[in-house]
Amino acid sequence: MKINKLLVANRGEIALRVMRTAREMGIATVAVYSEADRLSPHVKYADEAVCLGPPPSNQSYLLGDKIIAESLRLGVDAIHPGYGFLSENAVFAKAVTDAGLIFVGPGTHAIEVMGSKLAAKDAVKDYDIPMVPGIDRAVTDPKEATEIAAKIGFPILIKASAGGGGKGMRIVENPDELEEQMQRAVSEATSAFGDGSVFIEKYITSPRHIEIQVLADNHGNVVHLFERECSIQRRHQKVVEEAPSVILTPELRARMGKSATDVARACGYSGAGTVEFLVDANLDYYFLEMNTRLQVEHPVTELITGIDLVRQQILVAENKPLEFTQDDLKIDGHALELRVYAEDPNNNFLPSVGNLQTYRPPRGHGIRVDDGFEEGMDIPIFYDPMIAKLVTYGENREEAIRRMQRAIHDYEITGVATTLPFGQFVLQHEAFVSGKFDTHFVKKYFSPEKNNGNEEEAKVAALLATQILNQAKPMNTKTNSSESKKSKWKQRKTIF
Ligand code: MV4
């Protein structure tokens, strides 16, 4: 089942990311592109490239049948879908395998089950996985909903079974609003997903969003690669991710890791996947859903574990076993990722498409930039406006934060507005630096005025953050014994 030629059904940074590992594994690569991406680095990097059609995704990157036909024509063995586009489309995954090609990802069954929140809840019910208090079937009758809500206790959250990224979610604070909100949720879900099924959960008011990376092979091995803290987000779009999370103890990490691998087992998972949890102020955690793809923020996990996740995806797709066991895995150091978008933080994060007049990413020890653009290129309006993922690594969180602050400072982009200043705001904020934040961080603290340095509160927060950083004891350094002096100089595993 050796893969000799891989088509990457994606664009930009993730297409490049996948092709780099393929090259290291001696696998030939085929890029696909739209007319807007003709000159993109991912097209130049690939051994071969195929134009799929005009810029809009539904005339190019979403043309599954055309991608499969081109794969067959070019003697491709396997298709890697990246994230977004066709990556969690069970119909596409099945069509790929039906064509005799390898889909680098889980089987159709796992994609289907995890594509439905209600099916996912049902699949894991025989395992001892903590779930948010609520109902595990679709409700349509407002009377029934009122009874359920009374039992759960307000506030409650109405969720669409087919929903994702916060779409079709409604918070209900009291019984009077329930009927109206339910009708809205059902009609929203029907028009957005063609499936009006909704269910009810207790609303966890100030959670942290923590996800666990898992890997499973086709020989019964399932491991987890620890957590990523993803609470810093804006309107369900992640802004900063990090690994490990400051709030997890080794004991909680082990329990969540076990739950995550159980979720993978429950759906017969294969390949790389991510299990999402909410963690409340009491450090109780709840399974939310599983993402059956390689995630945008996978690099932070790669940096703290030293594992190339794309390599493992490809090995699993070749039916080979994982190259390590759970006991081989440990967390080494700390990693942060900032998503750099062509959006204007001073103008309600409106996409700022245009020409990358200057584009100079930061360099140096502990910095990884996964990007898909070059200086002089236009950023197309047709796709996600992410320019790059800026990732920093340090021996501990303080070092990773300082390095990120430096890297943001060094990043030179002109021609488009970017979220780099917004990133600096987050990285300098006392709540972020101290680790005391939840999913409401951006809503709670950010406004453009605060980011422009003319607001006293922001200055105070930044000053506090600097003080915390300056007082911080390096977490990984022993404080007494001669070993601490030695360890300062000892050769560390090379990560970069
Ligand atoms: C929740 C929740 C609170 N309570 N479920 C948002 C996206 C979807 N994956 C699940 N989401 C949430 N589900 C219960 N029962 C709060 C959120 C939520 C959220 C979750 C993760 C990251 C950011 C978020 C922002 C707002 C709401």
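Counting starts at 1 for both ligands and their atoms, in listed order. Numbering starts at 1 and runs along the sequence shown.
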Can you name the residues that form a ring-ring contact (aromatic ring centres under 6.0 Å, His included) with His42, not counting sequence neighbours? none
Close residues (non-hydrogen atom under 4.0 angstrom from ligand 1) work out to Val132, Leu157, Lys159, Gly166, Met169, Glu201, Lys202, Tyr203, Ile204, His209, Gln233, His236, Glu276, Leu278, Leu288, Glu289, Thr439
Test your reading of the model: is there a side-chain donor-acceptor pair from Thr419 to the backbone of Phe422, 3.5 Å cut-off? no
Tell me whether the guanidinium CZ or amine NZ of Arg397 lies under 6.0 angstrom from the six-membered ring centre of Phe432 and within 45° of its axis. yes
Salt bridge (Lys or Arg N to Asp or Glu O under 4.0 Å) partners of Glu241, counting only residues at least two apart: Arg339
Can you name the residues that form a side chain to side chain donor-acceptor pair (under 3.5 Å) with Arg208, not counting sequence neighbours? Glu229
On the 0 to 90° scale, with breaks at 30° and 60°, tag the His429-Tyr445 ring pair as parallel, tilted or perpendicular. tilted
